[in-house]
Amino acid sequence: MSQAIESPSYPSQQELRNAPGYPSQKRLEKGPVVVIECIEEIPCNPCEQACPQHAITIGEPITNCPHLDEDKCIGCELCVSQCPGLAIFLIDLTHSQGSASVAFPHEYLPLPGKGQTVRAVNRAGEPICSATVVRVQNPKTNGQTPVVTVAVPRKYATEVRGILRPGR
Ligand code: SF4
Ligand code: SF4
């Protein structure tokens, strides 16, 4: 009996790179910049409103996918916690020699601590490498969405999208 092959429930790297919210490799190499992995045409625009640099545009209709003006993004991270779809990440390929930092929304408790070693996961939630927690941001303005930044080997920067809860 043949088995149906299910396609993954997350977009491919190529689909994401083709989206208007994905920065160029040239911009990624320059330093902190957001990667917007939002490719569904949904009525949503908090990311556009959150950016003080006007680097994200949705416009009309509101179902447009977010467009990133990569030269305007200063990597302030403000938009990461404001996305209800948890689809915005901040990548810094210049974090240190050989390592990159990745910031992502993290709505699980307990929160990790700075300096802690954790396991980083990809979009499918599969562990792919070890990571060191660089920063945990949880001001009131983030609502219920803390933002965790981890350092990972540079080659995993475009794959790491979260961490396992400490102790798992
Ligand atoms: S990181 Fe800051 S500057 Fe860049 S898109 Fe987000 S809010 Fe705008
Ligand atoms: S806030 Fe998030 S889900 Fe909504 S349009 Fe922006 S990136 Fe997409």
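Read the numbers this way: they start at 1 and go in the same order the structure lists the ligands and their atoms.
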List the atom pairs, with distances to 0.1 Å, where a side-chain N or O of residues 107-114 and a protein N or O form a donor-acceptor pair under 3.5 Å, not counting sequence neighbours.
| from | atom 1 | to | atom 2 | distance (Å) |
| --- | --- | --- | --- | --- |
| Glu107 | OE2 | Thr145 | OG1 | 2.7 |

Which pairs would a plain distance check flag for residues 31-43, meaning a side-chain donor or acceptor within less than 3.5 Å of a matching protein atom at least two apart in sequence or in another chain?
| from | atom 1 | to | atom 2 | distance (Å) |
| --- | --- | --- | --- | --- |
| Glu37 | OE1 | Arg123 | NE | 3.0 |
| Glu37 | OE2 | Arg123 | NH2 | 2.8 |
| Glu37 | OE2 | Arg161 | NE | 3.1 |
| Glu37 | OE2 | Arg161 | NH2 | 3.1 |

Of the side chain and backbone of Cys38, name the one, both, or neither that has a heavy atom under 4.0 Å from an atom of ligand 2.
-> side chain
Looking only at protein heavy atoms, which one is nearest to atom 2 (Fe) of ligand 2, and how far off is it?
-> Cys83 SG, 2.3 Å
Return the residue, atom name and 0.1 Å-rounded distance of the protein heavy atom closest to atom 5 (S) of ligand 2.
-> Cys44 O, 3.4 Å
A student checking ligand 1 against Ile74 at a 4.0 Å heavy-atom cut-off should list atoms 3 (S), 4 (Fe)
Minimum side-chain heavy-atom gap Ser24-Glu70 below 4.5 Å = yes
Compare all side-chain heavy atoms of Pro84 with those of Cys44 and state whether any distance is below 4.5 angstrom.
-> yes
Evaluation steps, side-chain contact (heavy atoms from CB on, under 4.5 Å), between Val150 and Phe104 = CA-CA 9 Å; Val150 296; Phe104 46 84; 3.7 Å; yes
Within the side chain of Asn64, is there an N or O that forms a donor-acceptor pair under 3.5 Å with the backbone of Pro61?
-> yes
Any heavy atom of Leu86 sitting closer than 4.0 Å to ligand 2?
-> no
Taking atom types as modelled, find out whether Gln82 and Gln49 have a side-chain donor-acceptor pair closer than 3.5 angstrom.
-> no
Near atom 6 (Fe) of ligand 1, which protein N/O/S atoms are found at less than 2.8 Å?
-> Cys79 SG
Residues that Ser130 engages under side chain to side chain donor-acceptor pair (under 3.5 Å), provided they are two or more places apart = none
